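Notes follow once the structure below has been shown.
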Amino acid sequence: MASGGRGRGRGRDQRGNDRNIPMDNQAEFLATMTNLANTIQAGVTHPMSWIWKKVTVGATTYESNNKEKEKTSYNKKALLCSVFSSAFNLILCLFNYFYWYRSGWSEEKLVTLLDLALKALAWGVVAVCLHKGFIIFFFSSRSDIVLVYAKHVALPAPYLVSDVVSACVGLFFCYFVCFVKNECEFSTVEEPLLNGDAHVSDNKKGAETVTPYSNAGIFSILTFSWVGPLIAVGNKKTLDLEDVPQLDSRDSVIGAFPKFREKVEADCGAVNNVTTIKLVKLLIISEWKEIVFTAVLALLNTLASYVGPYLIDAFVQYLDGQRLYENQGYVLVSIFFLAKIVECLSQRHWFFRVQQVGLRMRALLVTMIYNKALTLSCQSRQGHTSGEVINFMSVDADRIGVFSWYIHDLWMVALQISLALVILYKSLGLASIAAFVATIVVMLANVPLGTLQEKYQDKLMESKDTRMKTTSEILRNMRILKLQGWEMKFLAKITELRKTEQGWLKKFVYTSAMTTFVFWGAPTFVSVATFGTCMLMGIPLESGKILSALATFRILQEPIYSLPDTISMIAQTKVSVDRISSFLRLDDLQSDVVERLPRGSSDKAIEVVDGNFSWDLSSPNTTLKNINLTVLHGMRVAVCGTVGSGKSTLLSCILGEVPKKSGILKVCGTKAYVAQSPWIQSGKIEDNILFGNEMDRERYEKVLESCSLKKDLEVLSFGDQTVIGERGINLSGGQKQRIQIARALYQDADIYLFDDPFSAVDAHTGSHLFKECLLGQLSSKTVVYVTHQVEFLPAADLILVMKDGKITQCGKYDDLLNSGTDFMELVGAHKKALSTLESLDGGATSNEISTSEDGSVSSANGVKEKEANGYDLNGKTEEKDEPKGQLVQEEEREKGRVGFSVYWRYITTAYGGALVPFILLSQILFQVLQIGSNYWMAWATPVSQDVEPPVPGTTLLVVYVALAIGSAFCILFRAMFLATAGYKTATILFNKMHFCIFRAPMSFFDSTPSGRILNRASTDQSAVDTDIPYQIGSFAFSMIQLVGIIAVMSQVAWQVFIVFIPVIAASIWYQQYYIPSARELSRLVGVCKAPIIQHFAETISGTTTIRSFDQQSRFQETNMKLTDGYSRPKFNIAGAMEWLCFRLDMLSSITFAFSLIFLISIPQGVIDPGIAGLAVTYGLNLNMIQAWVIWNLCNLENKIISVERILQYTSIPSEPPLVVEENRPAPSWPSSGEVDIHNLQVRYAPHLPLVLRGLTCTFRGGLKTGIVGRTGSGKSTLIQTLFRIVEPATGEVMIDGINISSIGLHDLRSRLSIIPQDPTMFEGTVRNNLDPLEEYTDEQIWEALDKCQLGDEVRQKEGKLDSPG
C-alpha cells in the first residue's frame, strides 16, 4: 500500500533524531509530548488572552454596530470551521476504521485512529468554547498542536490529510485573532469620534447603506460572504426594499451614466449619431474590464472541467495496479480535487460577473432611452406609440442585458470541441474523427430545430404583442365597456387573440420537446458512432478509455445544445440593438427654435418676428404663418379663434415644441404651462402641486385658496396626501384641471401659458379661477391664455384673433368690437348659443328642483334630498365616523413560503394531474437505461489490453445501442408529456384569470393601476407558458439524476454515505436558509419593475409639461433611482444564488474527494477498476447535479410566484351576475323611464368614506332632468350608481317599478345608454366602434352617424363603415 510505504519512509528518515527512543514506544512518547506542549501553551496563552481582553474592554464599549456585525460574522466563520474540522476528522476516523477493520490492524493505525478521534474531540471543544465566548486561548493552542503533530508524527497518509486541513483551519484562526485584535485597536482610536451617531447607526436601514460588496475583502468576495448579512436578515424577517442595500457606484446607473454619456459624446458627438456598431462598441468599452475578466474565468472553467475526463483513464489504470510512481493515487486525487475547486470558483464568479455586466448594460440603455424620449420632437413621437417606446425599455434593453450570459459562448464552443477532440484522440486515436463528425451532425440537426424554434418564438411574441396591445386598450377603457355591457364581447376578442397565440405556443413547446430529445440523445448518438468506429477500425476498447470518452461526451453535450441557442440569441440581440439605435437616432426638438434670454435682460417677455412654424418640416403647408408678436412683461394676452385656427400651436411655439421654418422667437424668463388636457402624475396631490419645488407653506395655502381646492381636499380623507390613481382616476375632470393650474401657480415663473384650462370646470368655478389666479396672484406676471369664453376677454391687455394659422386681428376688447369681422363673429356666435339655452329654459319647469332654507334639496314632487357631496350650505363638512383609506393601495405581494397548495393546484390543473406519473416514469426509465448502458460498457470492456473481454465486441455494441435507443425514446415521451401538460395548464390558467378580471367590479380597476394587471397578463403568463413547466420538470429530473449518481457511487463504496448524508443535510440546511431571502427578492423584482414602466408611460404623455417647467433633469434622476431600485434586488439575487451554489459546490467537491480517497485506499482486486472508474465518472458531475437540484428548487420557488400571482387574480370578488334567470325584465322595459331613488348611500370601496349621503328623489319618465353641482359634488357617482358600476351601500334605485339591484347587470346596462365624460375610441373599424356586439344593420348605423353630423365625413373614406376608426 502506498500510504503504508509513505509512513514507513518517514519513520526511517526520522530514526536518527529519535534513536534514543525505542521504535515501539515512539507514538506513545509523541502523544505525551504533545499533551505537555498543549499544557505549557495553555498556561502561557490563557493569562495573555485574559490581560488582552481586560485592556481592550474599554474599546469595545465604543464599537459601532457595523464593527460588531463584522466581528460576529468572523466568529460564525470560526465556529463553522471548528465544526467542519471536527466532522472532517471524525469522518476520516470512521473511514479508516471501516477500511482497516477488513485489512488488519497495526500500532501505527491504532495511533492514527486515536489521533483522529482526539482531533475531532479537540475541534469539538473549540466549537463549544467559541459558541460560549472563550476565543483566544483555543485559537492559539489549536494552531500550535497542528505544528507539533506535523513536525514529529510519522504515521499513515490519512493522517497527513488531517494535518493539512487542521493547519488550514489553524491559519484561518490566526488570521481571525489578528483581525479581532486589529479591529478592536482600530475602534479604540477612531470610534469615540463617532459615538454621537451611535443611535443613528443602530437603526440604519439597508436602503441607507451601500452594499458590502463595494468594500469586501478578497476572502469575502471569493466566498460571496458579503451577501451573507442580507440573507441572514431575510431568514429572520420578510425582506422589504428598505432592507436591500444600495448599489455600489460602479453598478448604480446614477454613478455610471455620466461617464457613459461622456464616452457617447466623445465617440459620436451626440446621441443622434449613434449607429448599431457604435452602440455595441460603447457598451463593450464601458464594461471591457469585466468582459475580459469573465473571459479569463470562462477559460479557466473550461480547462478545469476537462481535467476529470483527461485523468479518468490514468485513475482506472492506477486502480488496476499500474502505478507509475510512488503516491500517484494521492497526486491524482489532489489534481481531481484542485480542478473541482478551480471549476467551482471560476464558474461561480463568471456567472455572477456576467449578470453584473448585464444589469449595468440594461440600466445604461434604459436611461438612454428615457432621456431620448424626453427630447424627441413631436414628429418623431408620432412615428412611435408610447407602447413601442416602453417596449424598447422593457423588452429590448432586457434582452441585451440577458445577452451577457452568452457573450463568451461562440469562442468557448470552439475551445470545448477542440479540447474534447484532444482527449478523445489520446484515448481512442483516429476514432475521435468519428466523434467530431457525429458532433457536427448533431449540431446540424439542431439548426432546423433552432430555426423553427426562433420562427415560432417570433410569431409567439408578435401575437403576444397584439394581445397585450388590445388588453391594454380594454383596461384603459374598462369603464365604458362596463357601462355599455360590452365586457364579455371584448373578453371573447381577447380569447380569440389568445387562440392565435396558443397555436404558436403549441408549435413552440413541441419543437422545444424535440430539441430536448436531441440534447439528451446527443451524447448517446456520438458515443455509439465513436465506439462503432473503434470496433470497425480495430481500436481496442478499454474501460478507462471508454469512461474518459463518456465523460467527454457529457461535457460536449452543452456546446452542442447551446450553439443554436447562442446564434438565435445573437440574432435577437442584434434586432434589439438595431431597434434601440434607430430610436436614439430620431430627431430631437430643434434647440434653436427659441432664443432664451436671462431674466431681466429685456423689457419684452415674448417676441416673435416673421415667424413661420410647421409641425412637419417636410410638408409644404405651414401651420403658423407670418407671426409677429411682442408681449411686454406683466401683460395679459388672450388668444381666441375658432377650432383648429392655431391657438394651441401658438403656445407650443412659445414653448419651443414646434419646429421653426423661419423668423425669430425670443423668450425672456422662466415659463409655466397649463395644458388643455390635464396631465397628472400618480402620487400625492401635494407632490403634483409642488412639482419638485421645496414646500413654502404660506405660498402653498395661497395657491390652494386661489384654485378653489381647499373644499375638495377637506372632502378627501387624506387631504393633499391623497394618492392619485393612474391618469387621475379618482379625481373629476375639473379637479385635475385645478390641480394643474395650482402646479403652475406654485412655480412662481415669469411667463404663464394657459391653454383653455377653464373649459373643464363649471362656469362659477371658471370665473373664480380667472379672478383669483389671472387677475389676482398673476396680476404682475406675463400671462398668455387661450379661451373660448368671451367673458374672459375684456380683462386682457391684448387680444389675438386667430384664423387658419394667422393672427388676423390684435388689440383691446373695445377696439376689436368696433373694428373687425372675425372677432365679431366669435362674440356673436357666443351670444346666440346663450340665447338658445335661455329659450329652452321654460320647457323644464315641471321637473325643476329648488333649494329650501334648511340646506336640503326638494324636487317638484316634494321629496327631499341631502347634498350629495357632504357639504352644508355654509361650506362645512359633515363630521362622521367613516372608514378612511387611499383608493390606490400598495400592490399586494404574498409573504413567506409559497404554499404547497400553489404547486398542487398548478400540477393538477391539466387533466387532474394524470400526466404527472407518466412524466416521472419516463424520466426514471431514462435514468435507469442510461446508467445501465454506461455500466454495461464499463463492465463488458477489459481494463487493459492483456485482459480477455467478458463479451464479444458485437454483443457489446448491440446491447449498448439497444439501451441507448430505449433511453432516447424515454426522453422523447417525457418531453412530449411535459409539453402537453404545460401547454394545457397555461391555457386553463389564462382563461380563468381573464374571466375573473373581466367580471371584476369597477372598483377593482379604479384601485389597481393597469400596469399590475398587464404585468400578470404578460410577464407572469409568459413564465407559465414557457418557463414553469420546464422548471418543475428540471427539479424532478435533477432529483432523479442525483439519486442515480448516489446509487452508482454507493454501489462501489457504500461508505460514501458517511459523508454524503451530512453533506446532503448541510445542503438542505443552506437551501432552507437561503430561500426566504431569494423568494422575497424575486417578489421585490416584480414589484419594482411596474413603477419604472408607469413612470416612463407618464413621462411620455407629459413631455410637453415637463419640458415647459424645465424639469427634465429631475425626471431623469427619478428614472435612474427607479432603475437602481429594480437593479438592487436583481444584483442581490445574483449574489445570493452564487453564495448558495459556491457552498453547495464546496460540499459536493468534498464528497467527491472522499470517495476518491476511499477508492485509492481499497486494496487492489477488492473492486472492479472499471466499475470504480464509472463511479468517478458520475462523481465528476456530482457537484453540478447537486447544485442543479438546489438551484432548480430555488429557481422554481422564484418562478412559481408567477403562478401564485395569477391565482391571486382568479379569486377576485366578482360583480353580481350578468343575468338573473328568475328575475329578467320584460323586453320592453323600461317603457316610461321613471327613476325613484330612496335613501341612497354610496362609497367607492369599503375603506373609503361615503360619496352620496342619503339621496332621495324622483326623475319622472319622458322628461329631461339636468343634474348640476360644483366639481366633485357627486354628479358622475350618481350616474354610475344607476348603471351599478358602484353598488349602493344602503338604499335602493327603482326604474319603472323594478329594483335595479334585483336584476342581472347585462339586462340593466344593455337597456340604458350613456354618453361618457371622456370620449373613447377603440382600435378597429368605424362599424366595430359603433356596434361592437353586431346587433344593428348598416342603415341604423348610418342613421346614427347622420344624426351626429358624421355621415358625410365617413362616406368620404375609402372603406366607409369598414375604414379604420
Side-chain angles (χ1 to χ4, degrees), residues 453 456 460 463-464 467 491-492 494-517 520 898-928 967-999 1016-1017 1020-1041 1192-1193 1195-1197 1199-1212:
Q453 212 169 350
Y456 295 149
L460 181 63
S463 54
K464 195 184 291 289
R467 172 175 63 83
L491 174 59
I494 293 284
T495 308
E496 281 301 312
L497 290 171
R498 172 66 181 178
K499 278 181 183 171
T500 307
E501 186 183 343
Q502 279 170 7
W504 295 115
L505 177 63
K506 196 171 190 177
K507 290 174 181 174
F508 177 77
V509 294
Y510 284 119
T511 310
S512 297
M514 289 304 298
T515 310
T516 306
F517 169 64
W520 287 103
V898 178
F900 177 72
S901 60
V902 175
Y903 294 94
W904 185 252
R905 284 178 70 181
Y906 179 81
I907 290 169
T908 56
T909 296
Y911 310 110
L915 289 178
V916 174
F918 292 103
I919 294 169
L920 293 175
L921 182 63
S922 301
Q923 178 64 25
I924 292 166
L925 280 173
F926 165 73
Q927 194 65 33
V928 168
S967 67
F969 275 107
C970 284
I971 214 70
L972 180 62
F973 291 142
R974 186 209 82 184
M976 288 299 179
F977 284 144
L978 185 64
T980 304
Y983 166 76
K984 185 70 176 174
T985 303
T987 304
I988 292 169
L989 286 177
F990 177 90
N991 291 336
K992 274 187 183 176
M993 179 178 75
H994 279 73
F995 180 79
C996 289
I997 289 171
F998 275 71
R999 289 288 293 117
R1016 282 168 172 81
D1020 293 324
Q1021 187 63 46
S1022 288
V1024 172
D1025 284 347
T1026 54
D1027 292 347
I1028 294 171
Y1030 302 103
Q1031 208 64 59
I1032 290 178
S1034 285
F1035 171 65
F1037 308 151
S1038 57
M1039 273 296 292
I1040 292 166
Q1041 276 190 286
N1192 275 323
L1193 180 57
N1195 216 28
L1196 174 57
E1197 263 212 72
K1199 289 282 186 187
I1200 204 73
I1201 290 165
S1202 291
V1203 175
E1204 181 184 60
R1205 283 160 58 85
I1206 286 175
L1207 289 175
Q1208 272 180 355
Y1209 274 25
T1210 60
S1211 54
I1212 304 167

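Values in this document were obtained by computation on a predicted structure and should not be read as measured data.
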[X] to [Y] - nearest heavy-atom pair and separation:
| X | Y | result |
| --- | --- | --- |
| Ser1202 | Ala1023 | OG-CB, 3.6 Å |
| Thr516 | Ala975 | CB-CB, 4.3 Å |
| Met993 | Tyr1209 | CG-CB, 3.8 Å |
| Thr511 | Gln453 | CG2-N, 4.1 Å |

Side chain to side chain, Leu989 and Tyr906, heavy atoms closer than 4.5 Å =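 Side chain of Leu989 against side chain of Tyr906, heavy atoms only: contact under 4.5 Å found.
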Extract all donor-acceptor atom pairs below 3.5 Å that involve side chains of residues 913-925 and protein atoms in other chains or at least two apart in sequence.
unit_1 : atom_1 : unit_2 : atom_2 : d
Ser922 : OG     : Phe918 : O      : 2.8
Gln923 : OE1    : Arg974 : NH1    : 2.7

Output all residues satisfying side chain to side chain contact (heavy atoms under 4.5 Å, CB included) with Ala910, sequence neighbours left out; order by chain, then residue number.
->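 Lys984, Thr985.
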Leu1193: what forms a side chain to side chain contact (heavy atoms under 4.5 Å, CB included) with it, not counting sequence neighbours?
->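 With neighbours one apart ignored, the set is Phe1035, Gln1071.
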Would you give the length of the straight line joining atom [atom1] of [X] to atom [atom2] of [Y], rounded to the nearest 0.5 angstrom?
| X | Y | atom1 | atom2 | result |
| --- | --- | --- | --- | --- |
| Tyr983 | Phe508 | OH | CZ | 14.0 Å |
| Leu1196 | Tyr903 | CG | OH | 4.5 Å |
| Leu978 | Met976 | CG | CE | 11.5 Å |
| Thr515 | Trp520 | OG1 | CH2 | 14.0 Å |
| Ile1032 | Ile907 | CD1 | CD1 | 5.5 Å |
| Leu1207 | Lys992 | CG | NZ | 8.0 Å |

Any chance you could lay out the side-chain contact (heavy atoms from CB on, under 4.5 Å) test for Val1024 and Phe990, step after step, and finish with the verdict?
-> CA-CA 9 Å; Val1024 172; Phe990 177 90; over 6 Å; no
Residues which pass side-chain hydrogen bond (donor to acceptor under 3.5 Å, both in side chains) with Thr980, listed by chain and number, not counting sequence neighbours |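 Once residues adjacent in sequence are excluded, the partners of Thr980 under the side-chain hydrogen bond (donor to acceptor under 3.5 Å, both in side chains) criterion are Tyr510.
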With sequence neighbours left out, what residues match Thr987 under side-chain hydrogen bond (donor to acceptor under 3.5 Å, both in side chains)?
->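 For Thr987, no residue satisfies side-chain hydrogen bond (donor to acceptor under 3.5 Å, both in side chains) once neighbours in sequence are set aside.
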Worked check of side-chain contact (heavy atoms from CB on, under 4.5 Å) between Leu505 and Thr1026 | CA-CA 8 Å; Leu505 177 63; Thr1026 54; 4.0 Å; yes
Is the backbone N or O of Arg1016 less than 3.5 Å from a side-chain atom of Arg1205, with the two atoms forming a donor-acceptor pair by type?
-> no
Keeping to residues at least two apart or across chains, list the side chain to side chain donor-acceptor pair (under 3.5 Å) pairs with something in residues 497-506.
-> Lys464-Glu501, Arg467-Glu501, Arg498-Glu501, Arg498-Asp1025
